[in-house]
Undergrad: 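Shown below is the structure under consideration.
Each ligand, and each atom within it, is numbered from 1 in the order the structure gives.
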Amino acid sequence: MPEHVAIIMDGNGRWAQRHGKSRLEGHRQGVENVRRIVKASRNLGIQHITLYAFSVENWKRPKSEVSALMSLLNIYLKKELEELLQNGVRLNVIGRIEDLPKNVQKTLLDTIEKTKENSQQILTLALNYGARTEILDAVAKYTSLVAAGKEDSAELDWETFSSCLYTHNLPDPDLIIRTSGEHRLSNFLLLQAAYAEIYFTQLCWPEFLPEHLLEAIEDYNSRERRYGQTGEQIKEVKKSISPA
Ligand code: FPP
């Protein structure tokens, strides 16, 4: 099982259009699917699930759609709290949450606080998230540590820099799934995706069911992750782990 699955939940609008429904109804169905897929991922024993729920670019959408998305998010978090607590799920957020509406920030912080002792699964929501913004924030954080004499720039390495990213407490994603037939990462976890396997499906987010998650995982399991090594080297490593 991949340890960390990250999902770009795309296609709520197109799903709605195809079914003669409003975009808002598409997002509502999208939230229903968040429930289904988070539950399925938990049952499969996936330790980390990260969902791209709102990007820094999404503010460009019509005001009414942005506020509908914020309101759906707020309702989702409030409704889901009991489920998260019962199942040992910890909520984590990546992104500039200080720019989200105050009521959403309050619900997020409240949910994070109430679930902070949980460790069965970490559910990370990317909200007002953009990878380039994340990199800028990490540089700002790192340079402030240098200015305070806590870091020496001559010794900068990836471990130190990645500890300044929003994802400092998460492993890199093993598998990134994007729904709706688009083949791009759209500013999502660009640095953390360095060695991730990427899976694209034509299905729109509301129709991406647990059985499709399983298909994505089967596809992931059929791939060979080499991290810059040769296939032969990987076979040797695998043999040394399981000599049978
Ligand atoms: C993409 O569909 C989806 C989004 C921009 C938002 C994803 C949000 C949700 C599923 C609901 C809120 C999230 C949580 C965690 C409760 P689109 O509108 O871009 O679809 P389109 O490209 O077909 O128009």
Side-chain angles (χ1 to χ4, degrees), residues 5-42 46 48-84 87 89-97 99-101 103-112 115 121-131 133 166 176-189 200-210 212-213:
V5 176
I7 308 182
I8 303 174
M9 309 178 289
D10 196 10
N12 293 346
R14 273 160 290 166
W15 177 88
Q17 199 176 29
R18 258 189 250 142
H19 290 81
K21 297 182 191 292
S22 66
R23 290 184 61 82
L24 175 58
E25 184 54 27
H27 292 314
R28 276 205 199 101
Q29 292 303 319
V31 175
E32 279 316 303
N33 206 37
V34 166
R35 286 205 177 88
R36 269 197 296 266
I37 293 292
V38 170
K39 189 169 180 185
S41 73
R42 194 163 62 232
I46 294 168
H48 294 271
I49 178 149
T50 297
L51 304 175
Y52 202 5
F54 195 86
S55 74
V56 289
E57 287 83 14
N58 284 152
W59 296 109
K60 294 180 203 148
R61 292 187 174 209
K63 266 203 171 111
S64 56
E65 183 168 338
V66 170
S67 61
L69 278 168
M70 292 300 152
S71 155
L72 283 175
L73 173 67
N74 209 24
I75 296 168
Y76 165 81
L77 288 167
K78 288 189 170 179
K79 268 194 173 169
E80 212 59 10
L81 178 63
E82 215 34 57
E83 178 88 5
L84 299 180
N87 292 286
V89 182
R90 177 158 74 79
L91 181 75
N92 182 45
V93 178
I94 53 174
R96 286 186 175 168
I97 65 165
D99 296 334
L100 296 173
N103 65 328
V104 175
Q105 285 187 49
K106 187 175 175 307
T107 312
L108 280 169
L109 295 176
D110 192 46
T111 314
I112 290 170
T115 61
Q121 187 185 46
I122 317 300
L123 165 62
T124 299
L125 297 183
L127 289 169
N128 193 21
Y129 174 88
T133 316
Y166 302 151
I176 297 179
I177 298 170
R178 182 172 189 148
T179 58
S180 90
E182 310 287 1
H183 295 155
R184 52 179 178 267
L185 287 177
S186 300
N187 206 12
F188 184 50
L189 299 177
F200 298 107
T201 168
Q202 291 295 324
L203 296 169
C204 286
W205 174 245
E207 60 196 5
F208 182 80
L209 302 175
H212 304 119
L213 174 65

Undergrad: Against heavy atoms of D10, which atoms of ligand 1 measure under 4.0 Å?
TA: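 Near D10, the atoms of ligand 1 are 1 (C), 2 (O), 17 (P), 19 (O), 20 (O), 22 (O).
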
Undergrad: Quick one: look at R61 and ligand 1, take heavy-atom pairs under 4.0 Å, and tell me if it's side chain, backbone, both or neither.
TA: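 Side chain only; the backbone of R61 stays clear of ligand 1.
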
Undergrad: Would you say L51 contacts ligand 1, with heavy atoms under 4.0 Å as the rule?
TA: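 No, L51 has no heavy atoms under 4.0 Å from ligand 1.
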
Undergrad: List the closest protein heavy-atom neighbour of atom 7 (C) of ligand 1: residue, atom name, distance to the nearest 0.1 Å.
TA: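 Of the protein heavy atoms, A53 O, 3.5 Å lies nearest.
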
Undergrad: Using salt bridge (Lys or Arg N to Asp or Glu O under 4.0 Å) as the criterion, list what pairs up with R42, not counting sequence neighbours.
TA: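 Checked R42 against salt bridge (Lys or Arg N to Asp or Glu O under 4.0 Å); matches are E83.
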
Undergrad: Run the contact test for E182 against ligand 1 with a 4.0 Å cut-off on heavy atoms, strictly below, and give the result.
TA: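 Outside the 4.0 Å threshold, so no.
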
Undergrad: Is Q17 atom CD crowded by more than 12 heavy atoms from other residues, nucleotides or ligands, each under 6.0 Å away?
TA: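 No, because the 6.0 Å sphere around CD of Q17 holds 12 heavy atoms or fewer from other groups.
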
Undergrad: Looking only at heavy atoms of R23, does any of them come nearer than 4.0 Å to an atom of ligand 1?
TA: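 Yes, R23 has heavy atoms under 4.0 Å from ligand 1.
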
Undergrad: Does a side-chain heavy-atom distance below 4.5 Å link R18 with C204?
TA: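 R18 vs C204: side chains touch.
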
Undergrad: If you measure every N/O of R14 against every N/O of ligand 1, is any gap under 3.5 Å?
TA: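 N/O-N/O distance under 3.5 Å: yes.
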
Undergrad: Check each of R36, Q29, R35 against E32 using the side chain to side chain donor-acceptor pair (under 3.5 Å) test, and report the only one that passes.
TA: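 Only match with E32 under side chain to side chain donor-acceptor pair (under 3.5 Å): R35.
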
Undergrad: Are S180 and ligand 1 in contact, using a heavy-atom cut-off of under 4.0 Å?
TA: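 No, that is not the case, since the closest heavy atom of the residue is not under 4.0 Å from the ligand.
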
